[in-house]
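Note that these values count all heavy atoms, side chains included, but never hydrogens, waters or copies made by symmetry. Both ligands and their constituent atoms are indexed starting at 1 by order of listing.
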Amino acid sequence: MGNRTYNFYAGPATLPLPALKRAQEELLDFQGTGMSVLEISHRSKEYDNLHNEATALVRELMSIPDDYKVLWLQGGASTQFFMVPINLQVSGKPMEYVDTGEWSSKAVKEAKLYGDVRIVASSADSKYSYIPRDIEFSPNAAFAHITGNNTIYGTEFQSLPDVPPDVPLVSDMSSNLMATVTDVREFGVIYAGAQKNLGPAGVTIVIIREDLLDRVPASVPTLQKWKTEAEKNSLFHTPPVFAIYICKLALEYWKEFGGVSKIEKVNREKAKILYDIIDKSDGFYKGHAREDSRSLMNVTFTLKGAELEEKCVKDGLSRGLVGLKGHRSVGGMRASIYNAMSIEGVRALSEFLEEFREQHQ
Ligand SMILES: *Cc1c(COP(=O)(O)O)cnc(C)c1O
């Protein structure tokens with residue numbers, strides 16, 4: 001490992017070390033071409049192969065049905081906040097959203113530019129510390145939008161809300177893609193910036209059921225139509241080749257690791273280690289998320305007072321535990337333990353938190 005730290009940043013986030021090493025090895029000479037992958041044409045055979053392999057790996061790992069497309073896009077998940085209403089709105093039908101935090105609110109703000117938005121449920125009343133229950137989408141909705149995992153607040157949908165037949169469910173899975181086994185059939189659209197759970201910043205994955213590609217009006221600009229890239233295998237224009245390449249290396253690593261069911265198993269173990277520390281701390285650590293809404297990916301908690309929190313972040317840093325400061329809207333601390341955070345890293349953090357409590361309780 002050399003001088004690698006344990007990186008708990010919320011994103012961009014830690015990547016599997018073997019994928020980084022492979023990228024390092026191949027950087028100057030990609031597969032015997034005598035060129036870096038950064039230098040080869042996106043129309044070359046070599047790039048084409050890697051592009052298709054990356055897509056095939058996403059399909060395989062997530063068991064994506066044949067009637068869904070996988071797109072590699074740019075502009076981050078934030079661009080999808082407006083792409084979703086542009087591509088899925090239907091005149092006279094409300095676009096329905098569940099408001100579970102800042103990312104949901106940002107998605108709502110964009111949708112409002114395009115038509116009638118209904119917030120069907122919100123947990124704003126308690127600093128977004130839980131996932132609302134008994135969510136009711138209307139049968140007339142153009143689509144139903146959720147944020148699968150709330151990166152900032154550390155809450156996550158433990159099960160999907162009921163959605164009326166014919167209303168496509170759309171989920172922003174930027175921070176929980178491939179973290180647990182997902183039945184893609186439950187969704188019309190899944191989108192995720194790659195930089196939390198999958199790869200580097202610069203590429204966004206969109207998984208979409210094919211029939212939904214035809215909703216978009218002809219008057220929409222070419223690149224704002226999902227259909228454009230869907231018809232061109234995400235090669236309508238130059239794709240973010242290096243980001244897709246790193247995703248491919250990470251995906252190869254995950255395949256060998258044992259796929260998403262194995263990832264989920266380890267993710268559950270990792271999260272349990274940290275939530276146990278919180279629950280057994282006699283109130284020294286206070287979890288932000290309600291127990292039934294806890295995220296497997298972002299563990300948010302506070303300590304008594306900003307001074308103690310600052311010290312905890314600082315002491316952690318001196319032990320090679322990086323990125324533990326909470327988001328400014330929640331305060332306190334946040335340990336992001338995405339797929340690529342090893343169980344060893346989580347154990348190192350839990351040992352540190354135990355010691356810190358013993359010293360300061
Ligand atoms: C990080 C994040 C985003 C924003 O992603 P960008 O790629 O930076 O636009 C959106 N939604 C969620 C849930 C996130 O965690």
Legend entry - Ion pair check, E269 and K272, cut-off under 4.0 Å: no

Legend entry - No-hydrogen, no-angle side-chain donor-acceptor test under 3.5 Å, N150 and T155: yes

Inset, instruction - Write down the atom of Y275, the atom of G154, and the distance for their closest heavy-atom approach. - result: OH-O, 4.4 Å

Side-chain donor-acceptor contacts of residues 316-325 below 3.5 Å, not counting sequence neighbours, with atom names and distances?
| unit_1 | atom_1 | unit_2 | atom_2 | d |
| --- | --- | --- | --- | --- |
| S318 | OG | D315 | O | 2.7 |
| R319 | NH1 | E355 | OE1 | 2.8 |

Legend entry - Every residue of the protein that comes under 4.0 Å of ligand 1, judged on heavy atoms: G76, A77, S78, F81, W103, T147, N149, T151, D172, S174, S175, Q195, K196

Legend entry - Salt-bridge contact D183-R185 (side-chain N to carboxylate O under 4.0 Å): no

Legend entry - Donor + acceptor pair across side chains of T14, N7 (<3.5 Å): no

